[in-house]
*Asks:* 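Okay, handing you the structure first.
Just so you know, these numbers use all the heavy atoms, side chains as well, and skip hydrogens, waters and symmetry mates.
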Amino acid sequence: MAAATSFGTACILRRAAQAFAISHSHIFSSNASFSFQRKLSSQILSVSTSSASGVSQAVQASNGEVDVLVKGVGERNVTKEVKHILEMARRASLKRETLHTDFLTPPVLKESMLVLEKLADVKAISQGGYPQAERCRISVGHSEELTSDPDVISALSIKGNFQFEPCSHGDFLGSILGTGIVREKLGDIILQGEQGAQIIVVPELVEFLMSTLVKVRNVPVTCTKIPLISLDYEPPRTKSFKTIEASLRVDALASAGFKISRSKLVNMISNGDVRVNWIPVTTKGTTLKSGDIISVSGKGRLKIGEINSTKKGKFAVELIRYL
């Protein structure tokens, strides 16, 4: 009787470990030259069948693998999204299928691609419609299955007479989201001046937007599907200049870059109107570095260029303003 009970308990624990590993475990390889499948099998086989503690040990091991991979991803929300994409990659590799994310913000896109490149069994492809796209979708699959770019993005042309009522990026975004779709289903918006704009969307929303989006602000518009090769994108115009500052704090550099007072900039930070690398900053003392991008609501964006120290201990900073 005792032997039968012990055998039954062992079987239940083994099934529980296997089910948990398949549906929840994040097990990845960086440079350790092992695959999802081999690592997954070893984790399952190492689970103890004599006590429930074996399951928790497997959970801790898999969580530890994920924590190692996402180490260095600073922002909590970005880390959470990267972990979700890692789970998607694990499922894709195990089932030898291809899965796709929604459109990702630049920070999540960057960190996810850096992590996915470390995985031996996974191939990842990012697509945004054109080379300079900021918002992209990632397709993940087993390296032997994902052999070409999946058809996961579409382009629409939004045309209207904007000669007497120019519309901004925010106007187009607001009108598109006003149809009821969520931001994650929409990629970049490429302004076309008086002609309107071109947008990148998930393919399944093309027909919906063509029939639903009829106005941007007060301008009647028509939407038509266009091939990605027809996207009319020009590199953004910029203006570079230098400033001498006592610190590299966001309030100092943004104030100099956007020509607004430090006190007003601090208030904008408090209101959530200032972002660094697309992430809202919460303190005026946030330190910046070369390559960081500052966005201020209603003011635009600027990039931190080269930084050099002066003989007086200050910082000579190149600011690149997007026009």
*Asks:* Is a side-chain donor or acceptor of Asn267 paired with a backbone partner of Lys264 at a separation under 3.5 angstrom?
*Replies:*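 Checking the backbone N and O of Lys264 against the side chain of Asn267, no donor-acceptor pair under 3.5 Å is found.
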*Asks:* Taking all atoms of both residues into account, what is the closest heavy-atom pair of Asn161 and Val219, and its distance?
*Replies:*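 It is O-CG1, 3.5 Å.
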*Asks:* Verify, without hydrogens or angle tests, whether Arg249 (side chain) and Gly285 (backbone) share a donor-acceptor contact under 3.5 angstrom.
*Replies:*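 It does not hold such a pair.
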*Asks:* Under a 4.0 Å threshold between the charged nitrogen and the carboxylate oxygen, would Asp188 count as salt-bridged to Arg135?
*Replies:*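 The answer is no: the pair does not qualify as a salt bridge.
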*Asks:* Heavy-atom distance under 4.5 Å between the side chains of Thr101 and Met88, does that happen here?
*Replies:*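 Of all side-chain heavy-atom pairs linking Met88 with Thr101, at least one is under 4.5 Å.
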*Asks:* List the steps and the verdict of side-chain contact (heavy atoms from CB on, under 4.5 Å) for Lys110 and Leu114.
*Replies:* CA-CA 6 Å; Lys110 175 185 175 182; Leu114 288 174; 4.3 Å; yes
*Asks:* Just by modelled atom types, is the Gly257 backbone N or O under 3.5 Å from a matching donor or acceptor in the Arg321 side chain?
*Replies:*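 Yes, because the side chain of Arg321 sits within donor-acceptor range (under 3.5 Å) of the backbone of Gly257.
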*Asks:* Could you grab the distance from atom NZ of Lys299 to atom CE of Met268, nearest 0.5 Å is fine?
*Replies:*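 Taking NZ in Lys299 and CE in Met268, the distance rounds to 6.5 Å.
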*Asks:* Could you tell me whether a side-chain N or O of Ser112 sits under 3.5 Å from a main-chain N or O of Val108, the two making a donor and an acceptor?
*Replies:*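 It does hold such a pair.
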*Asks:* Is Leu173 reachable from Val202 through a run of I, L, V, M, F, W or Y residues, each pair having side-chain heavy atoms under 4.5 Å apart?
*Replies:*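 Looking at the clustering, Leu173 is in the same group as Val202.
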*Asks:* Taking atom types as modelled, is there a side-chain donor on Ser93 or His142 under 3.5 Å from an acceptor on the other?
*Replies:*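 Not at all, the side chains of Ser93 and His142 share no donor-acceptor pair under 3.5 Å.
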*Asks:* Ignoring hydrogens and angles, tell me if any N or O in the side chain of Glu111 forms a donor-acceptor pair with the backbone of Glu81 under 3.5 Å.
*Replies:*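 It does not hold such a pair.
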*Asks:* If you take all heavy atoms of Lys215 and Val221, which pair is closest and at what distance?
*Replies:*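 Answer, listing the atom of Lys215 first, then Val221: N-CG2, 3.5 Å.
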*Asks:* Would you sort out whether Ile125 and Ile138 count as a side-chain contact (heavy atoms from CB on, under 4.5 Å), showing the intermediate values?
*Replies:* CA-CA 6 Å; Ile125 298 174; Ile138 294 179; over 6 Å; no
*Asks:* Measure the shortest side-chain to side-chain distance between Ile304 and Leu248 over non-hydrogen atoms and say whether it is less than 4.5 angstrom.
*Replies:*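 No, side chains not in contact.
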*Asks:* Taking the side chain as everything from C-beta on, heavy atoms only, tell me whether Arg301 gets closer than 4.5 Å to Tyr322.
*Replies:*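 Arg301 vs Tyr322: side chains touch.
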*Asks:* Just verifying a value: how many Å separate Arg137 CZ and Leu109 CG, rounded to the nearest 0.5 Å?
*Replies:*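 These two atoms lie 12.5 Å from each other.
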*Asks:* With Asp292 as reference, evaluate Thr287, Thr286, Asn277 under the side-chain hydrogen bond (donor to acceptor under 3.5 Å, both in side chains) test and give the passing residue.
*Replies:*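 Between Asp292 and the candidates, side-chain hydrogen bond (donor to acceptor under 3.5 Å, both in side chains) is satisfied uniquely by Asn277.
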*Asks:* Do Ile85 and Met113 sit in one hydrophobic cluster, given that two such residues count as connected whenever their side-chain heavy atoms are within less than 4.5 Å of each other, even indirectly?
*Replies:*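 Per the 4.5 Å side-chain linkage, Ile85 and Met113 are co-clustered.
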*Asks:* Is it true that a side-chain atom of Thr243 and a backbone atom of Val317 form a donor plus acceptor pair closer than 3.5 Å?
*Replies:*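 No; zero donor-acceptor contacts below 3.5 Å.
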*Asks:* Determine whether Leu209 and Thr179 satisfy the following criterion, side-chain contact (heavy atoms from CB on, under 4.5 Å), listing intermediate values before the conclusion.
*Replies:* CA-CA 8 Å; Leu209 286 172; Thr179 64; 3.8 Å; yes
*Asks:* At what distance, to the nearest 0.5 angstrom, does CG of Leu265 lie from NZ of Lys259?
*Replies:*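 Answer for the CG-NZ pair, Leu265 versus Lys259, is 13.0 Å.
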*Asks:* When hydrophobic residues are tied together by side-chain contacts of less than 4.5 Å, even through go-betweens, does Ile181 share a cluster with Phe172?
*Replies:*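 Result: yes, single cluster for both.
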*Asks:* Identify the heavy atoms of Pro150 and His100 that sit nearest to each other, and give their distance.
*Replies:*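 Scanning both residues completely, I find the closest heavy atoms to be CB-CE1, 3.7 Å.
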*Asks:* Looking at Phe208, I'd like to know if the NZ or CZ of Lys225 sits under 6.0 Å from its six-membered ring centre while staying within 45 degrees of the ring's axis.
*Replies:*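 No, a cation-pi geometry is absent between Lys225 and Phe208.
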*Asks:* Do Ile153 and Leu228 touch side chain to side chain, with heavy atoms closer than 4.5 Å?
*Replies:*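 Side-chain contact under 4.5 Å: yes.
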*Asks:* Between Glu145 and Arg96, does at least one N-O distance fall below 4.0 Å, as a salt bridge requires?
*Replies:*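 The answer is yes: the pair qualifies as a salt bridge.
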*Asks:* Could you check whether any side-chain N or O of Ser290 sits under 3.5 Å from a backbone N or O of Gly305, counting only pairs where one atom can act as donor and the other as acceptor?
*Replies:*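 Side chain of Ser290 to backbone of Gly305, a donor-acceptor pair under 3.5 Å: yes, one is there.
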*Asks:* Determine yes or no for a side-chain-to-main-chain donor-acceptor pair under 3.5 angstrom, with Ser154 supplying the side chain and Val201 the backbone.
*Replies:*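 No, Ser154 side chain to Val201 backbone: no donor-acceptor pair under 3.5 Å.
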*Asks:* Determine the minimum heavy-atom distance between Ala197 and Gln192, stating which atoms define it.
*Replies:*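 Minimum heavy-atom separation between Ala197 and Gln192: CA-CG, 3.7 Å.
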*Asks:* State, to 0.1 Å, how close Arg217 and Pro166 come at their nearest heavy-atom pair, and which atoms those are.
*Replies:*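 The pair with the smallest heavy-atom distance is NH2-O, 2.8 Å.
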*Asks:* Between Ile199 and Ile158, is there a side-chain heavy-atom distance shorter than 4.5 Å?
*Replies:*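 Yes - at least one pair of side-chain heavy atoms lies under 4.5 Å apart.
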*Asks:* I need the Asn218 CG to Asp171 CG distance, nearest 0.5 Å.
*Replies:*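 Separation between the atoms: 9.5 Å.
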*Asks:* At what distance, to the nearest 0.5 angstrom, does CG of Leu253 lie from OG of Ser255?
*Replies:*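 Leu253 atom CG to Ser255 atom OG measures 9.5 Å (nearest 0.5 Å).
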*Asks:* State whether Lys314 and Glu245 are salt-bridged, where the test is any N-O pair (Lys NZ or Arg NE/NH1/NH2 against Asp/Glu carboxylate O) under 4.0 Å.
*Replies:*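 So Lys314 does not pair with Glu245 through a salt bridge.
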*Asks:* How many angstroms lie between atom SG of Cys136 and atom CD of Gln127, to the nearest 0.5 angstrom?
*Replies:*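 Rounded to the nearest 0.5 Å, the SG-CD separation comes out at 8.5 Å.
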*Asks:* Establish whether Ile294 and Ile244 are linked, either directly or via other cluster members, by ILVMFWY side-chain heavy-atom contacts under 4.5 Å.
*Replies:*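 Looking at the clustering, Ile244 is in a separate group from Ile294.
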*Asks:* For Glu234, does the CD atom sit with more than 12 other heavy atoms under 6.0 Å from it, leaving out its own atoms?
*Replies:*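 No, the 6.0 Å shell around CD holds no more than 12 heavy atoms from other groups.
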*Asks:* Can you check whether Ile176 reaches Ile189 side chain to side chain, under 4.5 Å on heavy atoms?
*Replies:*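 Side-chain contact under 4.5 Å: yes.
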*Asks:* Is there a path of hydrophobic side-chain contacts, each under 4.5 Å between heavy atoms, that joins Leu156 and Tyr233?
*Replies:*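 In one cluster: yes.
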*Asks:* Between Leu99 and Glu97, is a side-chain contact (heavy atoms from CB on, under 4.5 Å) present by the stated rule, with each step listed?
*Replies:* CA-CA 7 Å; Leu99 299 176; Glu97 61 184 2; 3.7 Å; yes
*Asks:* Is there side-chain contact between Leu319 and Lys242, with at least one heavy-atom pair below 4.5 Å?
*Replies:*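 No - every pair of side-chain heavy atoms lies 4.5 Å or more apart.
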*Asks:* Checking the side chain of Gln198 only, and the main-chain atoms of Asp232 only, is there a donor and an acceptor separated by less than 3.5 Å?
*Replies:*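 Yes: the side chain of Gln198 pairs with the backbone of Asp232.
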*Asks:* Heavy atoms only: give me the nearest Ser247-Ala252 pair and the separation to one decimal.
*Replies:*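 The pair with the smallest heavy-atom distance is OG-CB, 4.2 Å.
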*Asks:* Counting only heavy atoms not in Lys284 (residues, nucleotides, ligands), do more than 12 fall under 6.0 Å from its NZ?
*Replies:*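 No - once you tally the heavy atoms of other residues, nucleotides and ligands closer than 6.0 Å, there are 12 at most.
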*Asks:* Using a strict cut-off of less than 4.0 Å between a Lys/Arg side-chain nitrogen and an Asp/Glu carboxylate oxygen, indicate whether Glu87 and Lys83 qualify as a salt bridge.
*Replies:*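 Looking at Lys83 together with Glu87, the answer is no, because their closest N to O distance does not fall below 4.0 Å.
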*Asks:* I'd like to know if the side chain of Arg183 and the backbone of Leu186 have a donor-acceptor N/O pair within less than 3.5 Å.
*Replies:*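 The answer is yes, because a donor-acceptor pair under 3.5 Å joins these two groups.
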*Asks:* With heavy-atom distances below 4.5 Å as the criterion, would you say the side chains of Tyr130 and Ile190 are in contact?
*Replies:*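 With C-beta onward as the side chain, the pair touches.
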